[in-house]
Number of protein chains: 2
Amino acid sequence: MNFHKRIVIIEDDAELRGCYRLIIGSVDRYHFVNAYENCEEAFPHLHKDKPDIILMDINLFSGISGIEGVKYIKSKYPHIEVVMISVHDDAEMVFEALRAGASGYITKSSNYLELIQSLDELVKGGAPMSSKIARLVISNFHSNPNSPLSEREKDVLKLISEGKSYTQIADQLFISKETSKTHIKNIYSKLEVNSKSEAIEMAKSKKYI
Amino acid sequence: MNFHKRIVIIEDDAELRGCYRLIIGSVDRYHFVNAYENCEEAFPHLHKDKPDIILMDINLFSGISGIEGVKYIKSKYPHIEVVMISVHDDAEMVFEALRAGASGYITKSSNYLELIQSLDELVKGGAPMSSKIARLVISNFHSNPNSPLSEREKDVLKLISEGKSYTQIADQLFISKETSKTHIKNIYSKLEVNSKSEAIEMAKSKKYI
DNA sequence: AAGTTATCCCCCATATTGGGGGAAATTTTG
DNA sequence: CAAAATTTCCCCCAATATGGGGGATAACTT
């Protein structure tokens with residue numbers, strides 16, 4: 001584990017900026033470099049700040065959002081690890097932040113110990129997350145057990161979402177083209193749709209596939 | 001938080017079974033119910049064991065795999081939380097287990113304290129994961145920053161993977177059908193493929209979309 | 001100035017799609 | 001055990017989509 005990981009804060013609440021500064025300053029293995037009020041203020045300084053880790057508030061009052069901020073940072077400095085700090089645990093916001101490149105997501109309720117533990121977790125190769133966030137992320141993998149679709153129909157629908165044609169599905173599942181068509185017709189009637197795109201949209205939104 | 005969460009173990013190593021039993025028995029808030037060598041042995045007893053949590057080895061020597069085991073358990077008893085225990089941190093195995101319905105995934109190196117902490121994490125609504133697993137799971141959301149595709153091309157390819165036709169893509173992106181076609185042609189030439197399915201497969205495997 | 005990106009247009013032959021019908025064998029479930 | 005669901009296969013048809021070929025312009029980046 002390297003010494004003196006350099007930390008930069010982007011957070012619009014002045015009081016919280018101060019808190020984070022104190023907490024990080026109190027531990028040898030982390031070096032507080034700078035704190036900024038928003039992304040626009042921070043970005044021109046990143047080149048000389050050379051942070052290893054950025055703690056970023058996701059709901060910034062002024063300028064671009066935390067999510068856009070992560071995208072920018074990861075595109076210019078892919079090695080920087082960004083941990084999002086948020087009051088919300090809204091699923092879509094969490095997933096967007098992670099897709100944008102965040103390495104962790106913790107809620108603002110985190111106390112002194114938890115913040116340091118999150119940084120330690122990150123440095124040892126993990127991904128710091130609050131309990132609820134972890135559950136959200138894992139639940140994202142779970143499929144809906146109340147799917148009206150049979151296993152075979154799910155197989156077929158998955159292949160449709162991979163852009164496969166009836167013929168390709170037939171070849172891959174070792175069935176005839178007519179059988180794929182029958183499955184698809186039954187999928188449409190069960191989901192009450194009548195096209196590939198509607199079926200995919202419906203199935204994904206209800207987590208059937 | 002409820003008292004006496006009931007725990008069942010499915011693990012083929014007799015020594016480990018004993019360990020888990022001791023660890024769980026040593027804490028008031030957990031009640032060790034039974035330990036089984038494999039899924040076939042365990043399943044007929046689940047109805048009367050009524051576990052709240054099952055600790056399941058993912059690599060069982062005999063009978064069905066841990067992953068198939070989770071699928072069965074979640075289909076019959078959706079309220080039971082299953083935590084996978086594994087020596088491996090192979091990405092595909094982790095994701096399969098999570099898709100199958102696991103609520104957590106920890107590695108066997110976990111010591112006494114870590115096992116209890118994992119159970120506590122689960123009970124308070126979290127999802128226990130080892131560091132590496134958490135990073136794997138989060139990395140799964142990250143897209144490849146070295147995509148040869150432009151932003152617009154990624155938009156188009158995402159819509160293709162949702163089963164949309166040229167016309168539908170055009171309508172949704174407020175461009176003409178011919179423009180969608182041009183984008184798709186350029187995507188094909190950049191990815192060196194010549195069909196929707198190949199493009200989706202390529203882009204997903206390289207995490208371009 | 002050169003390259004990339006995003007937009008639009010034309011032509012053409014083949015493949016795919018969605019909808020209609022029916023049927024038989026197997027498996028699951030009540 | 002009997003009913004229901006699932007999985008498999010077949011035919012017909014018209015409208016649409018697809019992939020490949022060609023070319024073009026404006027805007028933005030490098």
Side-chain angles (χ1 to χ4, degrees), chain A residues 71-72 75-76 143-203 208-209, chain B residues 43-44 47 64 68 71-72 74-78 145-203 208-209:
Chain A
K71 280 187 195 165
Y72 174 86
S75 70
K76 296 281 175 183
S143 57
N144 187 338
N146 300 327
S147 170
L149 303 179
S150 72
E151 286 307 310
R152 203 54 161 172
E153 286 163 352
K154 279 189 244 173
D155 292 342
V156 170
L157 194 48
K158 275 175 202 160
L159 291 173
I160 290 184
S161 83
E162 287 163 21
K164 300 280 204 299
S165 70
Y166 296 166
T167 318
Q168 289 173 307
I169 292 170
D171 289 349
Q172 201 162 331
L173 297 181
F174 303 105
I175 54 179
S176 93
K177 178 161 64 167
E178 292 305 321
T179 306
S180 331
K181 285 188 68 175
T182 307
H183 284 310
I184 289 164
K185 282 185 224 173
N186 291 334
I187 291 167
Y188 288 179
S189 94
K190 282 184 182 180
L191 300 185
E192 294 175 292
V193 298
N194 46 9
S195 71
K196 290 190 295 178
S197 52
E198 288 174 293
I200 293 170
E201 205 161 355
M202 171 72 72
Y208 294 157
I209 54 167
Chain B
F43 290 169
H47 184 69
I64 68 169
E68 290 305 316
K71 279 188 197 168
Y72 174 85
K74 294 302 282 189
S75 71
K76 295 282 175 186
Y77 314 95
N146 299 326
S147 169
L149 303 179
S150 72
E151 285 307 310
R152 203 54 162 172
E153 286 163 352
K154 279 188 244 174
D155 292 341
V156 171
L157 194 47
K158 275 175 202 160
L159 291 172
I160 291 183
S161 83
E162 287 162 21
K164 300 282 204 301
S165 71
Y166 296 166
T167 317
Q168 289 173 308
I169 292 170
D171 289 348
Q172 200 162 330
L173 297 181
F174 303 106
I175 55 180
S176 92
K177 177 161 64 167
E178 293 304 322
T179 307
S180 332
K181 284 189 67 173
T182 307
H183 284 310
I184 289 163
K185 283 185 220 173
N186 291 334
I187 291 167
Y188 289 179
S189 93
K190 282 185 182 179
L191 301 185
E192 295 175 293
V193 299
N194 45 10
S195 71
K196 291 191 295 179
S197 52
E198 288 174 292
I200 292 170
E201 205 161 355
M202 172 73 72
Y208 294 157
I209 54 168

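The sequence lines fix the lettering, A, B, ..., with proteins before strands; numbering per chain opens at 1.
For B:Leu159 and D:dT18, the CG to C1' distance is 17 Å, given to the nearest whole Å. Rounded to whole Å, atom C1' of D:dT7 lies 9 Å from atom CD of A:Glu153. Note: CG (B:Leu157) to P (D:dT18) measures 13 Å, nearest angstrom. A:Tyr166 has its OH atom 12 Å from the P atom of D:dT18, to the nearest Å. Atom NZ of A:Lys164 is separated from atom P of C:dT16 by 13 Å (rounded to the nearest Å).
Counting heavy atoms of neighbouring residues, nucleotides and ligands inside a 6.0 Å radius, atom NZ of A:Lys154 exceeds 12 of them.
Note on A:Glu178 versus A:Lys185: no salt bridge recorded, every NZ/NE/NH1/NH2 to OD/OE distance being 4.0 Å or above.
Exactly one of A:His183, A:Lys158, A:Lys190 qualifies for a side chain to side chain donor-acceptor pair (under 3.5 Å) with A:Glu153. That residue is A:Lys190. Of the candidates A:Thr179, A:Asn186, A:Ile175, A:Arg152 forms a side-chain contact (heavy atoms from CB on, under 4.5 Å) with just one, namely A:Ile175.
Rounded to 10°, the helix from C:dA1-D:dT30 to C:dG30-D:dC1 has 80° between the axis fitted to its first five pairs and the one fitted to its last five.
Contacts between residues 168-196 of chain B and DNA chain D, defined by a heavy-atom separation below 4.0 Å, involve B:Lys181, B:Lys185, B:Tyr188, B:Asn194, B:Ser195, B:Lys196, listed by number.
Within the 4.0 Å cut-off from OP1 or OP2 of C:dT16, at least one side-chain nitrogen or oxygen of A:Thr167 is found.
B:Phe43 is listed as a side-chain neighbour of B:Ile64, based on a closest heavy-atom distance under 4.5 Å. Within the 4.5 Å cutoff, no side-chain heavy atoms of A:Leu149 are placed close to those of A:Val156.
The line from CD1 of B:Ile160 to CD1 of B:Ile184 is 3.5 Å long, rounded to the nearest 0.5 Å.
Of all heavy-atom pairs between A:Gly163 and A:Gln168, the closest is O-OE1, 4.0 Å.
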